Every structure is written in structure tokens, then in C-alpha cells.
Amino acid sequence: MASVRIEKTPSKKVWRYAAVMLPLVLSACGGVEPETVPSGDEAAVGVREDGLASVRLRLMAANITSGTGQDYDPGHGIRIFQGTKPDVVMLQEFNYKTNSATDLRSFVDTTFGTGFSYFRESGSGIPNGIISRYPIISAGEWDDTNVSDRDFAWARIDVPGPKDLWVVSVHLLTTSSSVRNTEATSLVSRIKANIPTGDYLVIGGDFNTGSRTESCLTTLSQVVSTASPYPADRNGNTNTNAGRNSPYDHVLPDSDLRAYQTAVVIGGSSFSAGLVADTRVYSPISEISPALSSDSGASGMQHMAVIKDFLIPGDSTAGSVTVTSPNGGESWAGGSAHTVTWTSSGVTSVKVEYSLNGGSTWSTLTSSTSATSYAWTVPSSASTTARVRVTDASDATVTDSSDGAFSITTSGGGTASVIINEVMVNEPGSDVTGEFVEIVNIGTASADLSGWTVSDAASVRHTFPSGTSLAAGGVVVVFGGAAGIPSGTPGAVVASTGTLGLSNSGDTVTLKNASGTAVDTATLSSGVSGTDGVSANRSPDASASGTFVLHTSLSSLTSSPGTRASGASF
């Protein structure tokens with residue numbers, strides 16, 4: 001076994017796996033023992049109810065890097081992960097920034113959450129990896145002798161219930177179907193020799209298969225189910241490569257796990273056989289916010305992610321809670337009265353919370369109640385990504401949140417009008433962290449900036465996170481880096497890509513909404529871009545029809561990020 005890296009948070013079931021501190025010894029076995037498998041027709045999978053199991057487990061295969069570096073730094077794949085919320089991901093091309101432990105941990109924390117564990121194979125150019133909501137007990141890699149830049153990554157995961165989940169992340173070779181079958185044969189041998197038949201197994205990733213009848217899938221069917229029904233996108237297309245004409249990517253469970261497969265439910269949408277996540281055809285796109293409709297079509301995007309859901313038996317000694325309302329797709333008016341409801345088992349009291357930004361932050365409604373409902377006066381804050389969470393007051397691991405986002409609307413009247421008001425194209429000196437784009441809401445209503453982007457002529461430089469709101473008369477200033485933000489600047493944020501990259505010889509800055517529609521564009525000529533340390537500002541200041549002039553023509557200040565050109569507050 002090659003060297004491994006596992007990043008994980010402590011498990012509360014340490015007693016169950018005291019032997020993990022010793023070398024892992026696995027007895028050889030003869031493959032996955034067959035169990036009774038439901039019929040392969042789509043209806044049989046889609047109609048299963050939550051009553052079959054107490055824990056929903058979302059598994060994803062994902063080779064969704066973009067750009068030219070075969071990594072997740074451009075952010076398109078990150079938004080897809082954040083919007084679809086998988087529990088376990090079989091990841092390909094697991095690269096992020098410098099690939100340091102700090103950068104990889106940051107990627108996992110930002111994309112999935114600080115409680116997630118990860119394993120990434122070492123010494124590979126485009127490594128496979130596994131990311132999990134549940135503790136990774138052990139992990140490693142099996143040599144793929146047919147390729148030099150990745151292997152087969154595996155992990156044993158402590159999912160709820162009496163069985164562990166064994167996950168294998170693969171990226172088979174594109175060369176030919178015969179080589180892929182050789183890889184599959186090697187993998188089956190490894191699985192039969194190392195994975196107990198009594199546990200769950202799933203193989204997932206980028207198989208590069210040109211059809212569903214390829215020999216490698218026949219070979220893999222010795223240990224996992226490769227039969228229909230197959231996941232599909234909103235339009236029913238089951239293919240997963242960039243051109244959407246070949247089934248490259250798969251989530252293949254063994255027979256005992258497949259017995260628990262159920263429909264993938266996101267918001268008000270249900271996908272009976274699983275989901276091929278193509279944001280270009282997903283509707284409504286708000287259900288998978290902060291993902292943008294353009295993400296799956298980004299330059300260099302590899303494939304489409306594939307998702308399957310399973311309802312597995314939970315731990316018999318643990319309680320359970322399930323949020324029943326709001327559970328995704330509702331639209332509630334701010335200030336109105338509604339009832340939050342849930343079901344529970346083996347739980348004495350629960351904590352009830354809500355989030356307006358998709359779950360990044362939570363506010364408490366009650367810290368302890370023994371009821372199964374809560375009368376709630378909905379806050380008067382507009383949101384398209386609101387959720388409710390209910391948690392066992394004595395055990396934070398027993399928790400459930402709305403399956404999808406719901407909306408909160410406000411009726412205060414007025415209209416938002418968001419403009420680019422000031423741009424520092426030519427930063428003072430040579431410190432590009434001082435570049436900035438000032439955005440002002442000159443309208444009479446707040447604007448939801450969730451998923452909005454700021455681009456220059458080259459690429460997207462900043463994406464506003466879910467839950468970002470800009471009040472009427474408010475300002476937000478996107479800087480190239482934290483070091484360039486003057487102390488006390490109102491509304492200052494750092495570009496999500498780590499730079500603005502504006503050209504001193506002239507550039508075009510575009511603000512687009514979450515649907516990819518241009519809201520405002522600032523065309524900056526060399527005349528307002530070529531003076532070191534002097535910004536370009538609208539004239540008249542904060543005017544949608546104003547032209548861009550050198551800031552020094554409006555006041556004695558060379559720039560005024562976060563304030564009016566005069567230095568006064570907006």
C-alpha cells in the first residue's frame with residue numbers, strides 16, 4: 001500500500017474503531033456477496049419512500065475541474081458542489097492552488113464544510129480523492145499500472161448504521177476500451193482481496209467509457225451493479241462528458257447498497273434514477289444556488305457530475321429528526337406567520353435554527369423544545385436560499401435541514417439599481433492588491449447579489465457568495481487582495497479568485513447577475529486607466545448614465561473606495 005494522507009475530524013464513535021490505531025488487516029474474500037436487488041426499471045427505484053431507511057446518503061462522482069490547470073481553483077466546480085450538497089464525493093483531478101495541506105483543507109472547508117474529511121492520493125499529477133461528511137476510518141491507494149499520473153484511491157467510511165461504506169475513486173485511461181478493461185480487472189481483484197462482503201461498496205469517477213456495454217463495465221459487474229436505470233439531467237440526457245454524447249462518469253454501488261437507492265430530491269425537484277448535474281439545463285437554477293447556469297459550460301470544464309441518493313438504515317441506538325416544512329421550494333413573505341414542522345424518533349428535545357444564506361450561518365429560533373412544530377414569524381429579509389435546521393439538543397450529530405432552499409419575499413416596494421461606480425485600474429505603485437471595483441445600489445430596494453460576478457475582459461474575477469445582499473444606498477468594494485484594502489473602507493471584500501488582474505492600458509469590467517445577464521459594464525479607456533494611483537469614477541458620481549473620468553477631476557482625492565467622490569458617505 002502506498003503512503004496516504006487523511007484529513008479528518010474526530011469521530012464520536014472512537015470506541016467502535018479502537019483497532020484503527022493498529023495496522024489495518026483485511027481478510028481475503030471472494031467478492032461482493034449478492035443480495036436481493038430490486039428490478040432495474042426506473043419506477044422501482046424512484047418510488048421508494050424515506051420509510052425504507054433513516055439516513056439519506058448522497059454519493060457523487062465528479063471530474064468537474066475547469067480552466068487550463070485541471071484543478072478546482074477557477075471555482076465553477078466548487079459552486080456545483082456547494083449547490084448539490086453531496087455527502088461523499090469520488091473526486092478526480094483533485095488539485096487546488098499549490099496543493100499544500102493548507103490549500104487542500106481550505107478547499108474542503110469552503111466547498112463542503114469544516115466537518116468533512118478527505119483523502120487524496122500522493123505523488124500523482126491528476127490525483128483521485130475522496131471527500132466525506134462522515135469520518136474516514138482508513139484510506140490508501142492501489143497501483144494502476146496502466147497510467148503514471150494517478151492510481152485507484154480507496155477509503156473506508158463510518159457512515160451511520162451497522163455497516164461501513166468502502167469507496168473507490170477511479171479515473172480510467174482514455175487510450176482504449178481494452179486498456180480500461182485491464183484496469184477494471186485489476187480493480188476487481190483488489191476489491192475481492194481487501195473489502196469485506198458484509199460492508200457497502202461504491203466505485204465512482206471518470207471511467208472514460210464510450211458506451212454502457214463496454215467490457216470494463218461487464219468486468220466491474222462482478223462486484224457492483226452497472227444496470228439501469230441511469231442518472232439523467234433535467235432534459236433526460238444520461239451522457240456525462242463535456243459534449244454530452246458519451247457516458248463517461250458513473251456511481252456504481254454494490255447490490256446491498258443499491259437495494260437502498262432512492263430518488264435524488266433537490267428543492268421541489270425529484271430525479272428518480274439519479275442526477276447528471278448540468279447547470280446549463282437545470283431549472284430552476286436557484287435550487288442549486290450558488291451554482292450558476294454557466295458553470296457546466298465553463299472553459300475547460302471536464303465532465304458533468306453524477307449523483308445517486310440512498311436511504312440507508314441508521315444506527316439503532318441513535319435518535320433521528322426529519323424536517324418536513326419548509327423543505328424546499330416554498331415562498332414565504334417576510335413578516336408572515338408560518339409553522340416549522342419536523343418528525344423525530346428517540347429525541348427528547350431539539351434546537352431549531354434558520355439560515356438566510358444556504359447554511360453558511362445559522363440563527364437560533366429556540367434552543368430547546370420537546371414539540372414537533374414551532375410557530376415562526378418569518379424575518380423581513382429577502383432570500384432565495386433560506387433553510388431550516390432541527391438538531392437533537394443533546395446530540396449535535398442527530399440533525400436535519402430543509403432538503404432544498406425556500407424563498408423569503410419582501411413587499412417594501414421600490415426597485416434595486418446596481419451600478420459600477422468607481423474602478424481603480426492602475427493601482428498605486430505596483431501592488432495589484434490595491435486594484436478595486438466599487439459597486440453601488442442607487443435604487444430604492446435591496447439587491448440579492450448571490451452568485452453575481454465581476455469580470456474583466458479576460459475572465460471572472462469575483463463571485464459573490466450565497467446570501468450576499470446590497471441595501472438601497474449601499475456599497476460593496478471588491479479589492480484585488482486583502483493587503484490593498486485601506487483601513488475603514490466600507491463594504492470591502494477580497495476578490496474570490498485572489499486577484500482582479502486589471503490592465504493599465506484599458507479594460508472592461510462587467511457586473512453580471514446569477515443568471516449570467518450583464519447588469520452594468522464599465523468600459524475604461526487608456527485615458528482613465530493610465531495614471532498611477534488615480535481611479536476612474538462616474539461623472540456625475542453614483543449616476544447610472546455617468547461617464548468614467550479621472551477621479552481627480554471630481555475632487556482633490558485620487559480615489560474614494562466605499563464613499564462618494566467627495567469622501568462623504570453614500
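What you are looking at is a predicted structure, and each value in this text was computed from that prediction instead of being measured. Count residues from 1 along the sequence.
If you take OG on S117 and CD1 on I137, they are separated by 10.5 Å, rounding to the nearest 0.5 Å. Here the straight-line distance linking atom OH of Y72 with atom CG of N95 works out to 9.0 Å at 0.5 Å rounding. Once rounded to the nearest 0.5 Å, the distance linking CD1 of I307 with NZ of K85 reads 11.0 Å. Interatomic distance, N146 CG to L173 CG, rounded to the nearest 0.5 Å: 7.0 Å. One distance of note links CD of E183 with CG of D151; it measures 10.5 Å at 0.5 Å rounding. Interatomic distance, L252 CG to L201 CG, rounded to the nearest 0.5 Å: 9.5 Å.
Using a distance-only test at 3.5 Å, with no hydrogens or angles considered, a donor-acceptor pair links the side chain of E287 to the main chain of G268. Between the N181 side chain and the S177 main chain, no donor and acceptor come within less than 3.5 Å of each other. Side-chain atoms of R234 come within 3.5 Å of backbone atoms of S283 as a donor-acceptor pair (strictly under, hydrogens ignored). Here the side chain of N513 pairs no donor or acceptor atom with the backbone of G451 at under 3.5 angstrom. A donor-acceptor pair is defined here as one N or O able to donate and one able to accept, closer than 3.5 Å; no such pair exists between the side chain of S228 and the backbone of Y230. Under a 3.5 Å cut-off, the side chain of S221 and the backbone N or O of T218 do form a donor-acceptor pair. Not a single donor-acceptor pair under 3.5 Å links the side chain of S466 to the backbone N or O of S450. A donor-acceptor pair under 3.5 Å links the side-chain atoms of Q92 to the main chain of M90, judged by distance alone. With hydrogens and angles ignored, the 3.5 Å screen pairs no side-chain donor or acceptor of D149 with any backbone N or O of I126. Listed for the N208 side chain is a donor-acceptor partner under 3.5 Å among the backbone atoms of L172.
I203 is listed as a side-chain neighbour of L220, based on a closest heavy-atom distance under 4.5 Å. Residues F119 and W154 fail the side-chain proximity criterion, which asks for heavy atoms closer than 4.5 Å. Side-chain contact check for T521 versus T508: some heavy-atom pair is nearer than 4.5 Å. Counting heavy atoms from C-beta outward, E93 and Q302 have side chains that approach closer than 4.5 Å. V432 has its side chain out of reach of L500: every pair of non-hydrogen atoms, C-beta onward, lies at least 4.5 Å apart.
With salt bridges taken as basic N to acidic carboxylate O contacts below 4.0 Å, one links E214 and R180. A salt bridge links R244 and D278; the closest N-O separation between the charged side-chain nitrogens and carboxylate oxygens is under 4.0 Å. Note on D109 versus R105: salt bridge recorded, some NZ/NE/NH1/NH2 to OD/OE distance being below 4.0 Å. Between R58 and D87 there is no salt bridge, since no side-chain nitrogen of the basic residue lies less than 4.0 Å from a carboxylate oxygen of the acidic one. With respect to the salt-bridge test (charged N to carboxylate O, under 4.0 angstrom), the residues R280 and D233 do not qualify. Using a cut-off of 4.0 Å between Lys/Arg side-chain N and Asp/Glu carboxylate O, D199 and K163 are scored as not salt-bridged.
Taking every heavy atom of both residues into account, P247 and G210 meet most closely at CD-O, 3.6 Å. Taking each heavy atom of I131 and L91 in turn, the nearest pair found is CD1-CD2, 3.8 Å. What you find for L311 and T262 is that their closest heavy atoms are CG-CG2, 3.6 Å. Summarising the geometry of I130 relative to S169, their closest heavy-atom pair is CG1-CB, 4.0 Å, with the distance given to 0.1 Å. Looking at every heavy atom in both residues, T226 comes nearest to L217 through CG2-O, 3.5 Å. Annotation for R461 and A495: closest pair O-CB, 3.6 Å, computed over non-hydrogen atoms.
Counted by atom type alone, T463 and R79 present one or more donor-acceptor pairs between their side chains at under 3.5 Å. Between the side chains of N63 and D206, a donor-acceptor pair is found at a separation under 3.5 Å. For the 3.5 Å distance criterion, the side chains of T102 and S100 fail to qualify, holding no donor opposite an acceptor. Using modelled atom types, one finds no donor on one side chain facing an acceptor on the other under 3.5 Å when comparing D103 with N99. Checking H250 against T209 by side-chain atom types alone, a donor-acceptor pair falls below 3.5 Å. In summary, the side chains of D249 and H303 do present a donor paired with an acceptor at a separation below 3.5 Å, with no hydrogens or angles considered. Using a 3.5 Å distance cut-off with no hydrogens or angles, the side chains of S176 and S178 do pair a donor with an acceptor. There is no side-chain donor-acceptor pair under 3.5 Å between R150 and S124. No hydrogens or angles considered: nothing links the side chains of N245 and N239 as a donor-acceptor pair under 3.5 Å.
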- Message: If you apply the rule side chain to side chain donor-acceptor pair (under 3.5 Å), what do you find for N357 with R387, and how did you get there?
- Response: CA-CA 8 Å; N357 56 11; R387 290 177 185 264; over 6 Å; no
- Message: Run V478 and E435 through side-chain contact (heavy atoms from CB on, under 4.5 Å) and show every step you take.
- Response: CA-CA 8 Å; V478 182; E435 295 178 343; over 6 Å; no
- Query: After noting the C-alpha distance and the side-chain angles of F152 and N128, does the key distance pass the side-chain contact (heavy atoms from CB on, under 4.5 Å) rule?
  - Reply: CA-CA 7 Å; F152 305 126; N128 294 310; 5.7 Å; no
- Message: For a side-chain contact (heavy atoms from CB on, under 4.5 Å) check, start with the C-alpha distance between L275 and Y282, then their side-chain angles and the critical distance, and finish with the verdict.
- Response: CA-CA 10 Å; L275 173 65; Y282 195 100; 4.2 Å; yes
- Task: Under the side chain to side chain donor-acceptor pair (under 3.5 Å) rule, what do S503 and S505 come out as? Steps first, then yes or no, please.
- Result: CA-CA 5 Å; S503 171; S505 61; 2.9 Å; yes
- Just do the side-chain contact (heavy atoms from CB on, under 4.5 Å) check on Y96 and I78 with the steps written out, would you? CA-CA 11 Å; Y96 184 70; I78 289 175; 4.1 Å; yes
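Checked against Y118 for a side chain to side chain contact (heavy atoms under 4.5 Å, CB included), the options F94, F107, F112 give a single hit: F94. Applying side chain to side chain contact (heavy atoms under 4.5 Å, CB included) to I157 and the options V202, L57, V88, D164 leaves one that passes, V88. Between T279 and the options I80, T84, L292, a side chain to side chain contact (heavy atoms under 4.5 Å, CB included) holds for only I80.
The cationic group of R133 does not satisfy the cation-pi geometry with F116, failing either the under 6.0 Å distance to the six-membered ring centre or the 45° limit from the ring axis.
F207 and Y248 have their aromatic ring centers separated by at least 6.0 angstrom.
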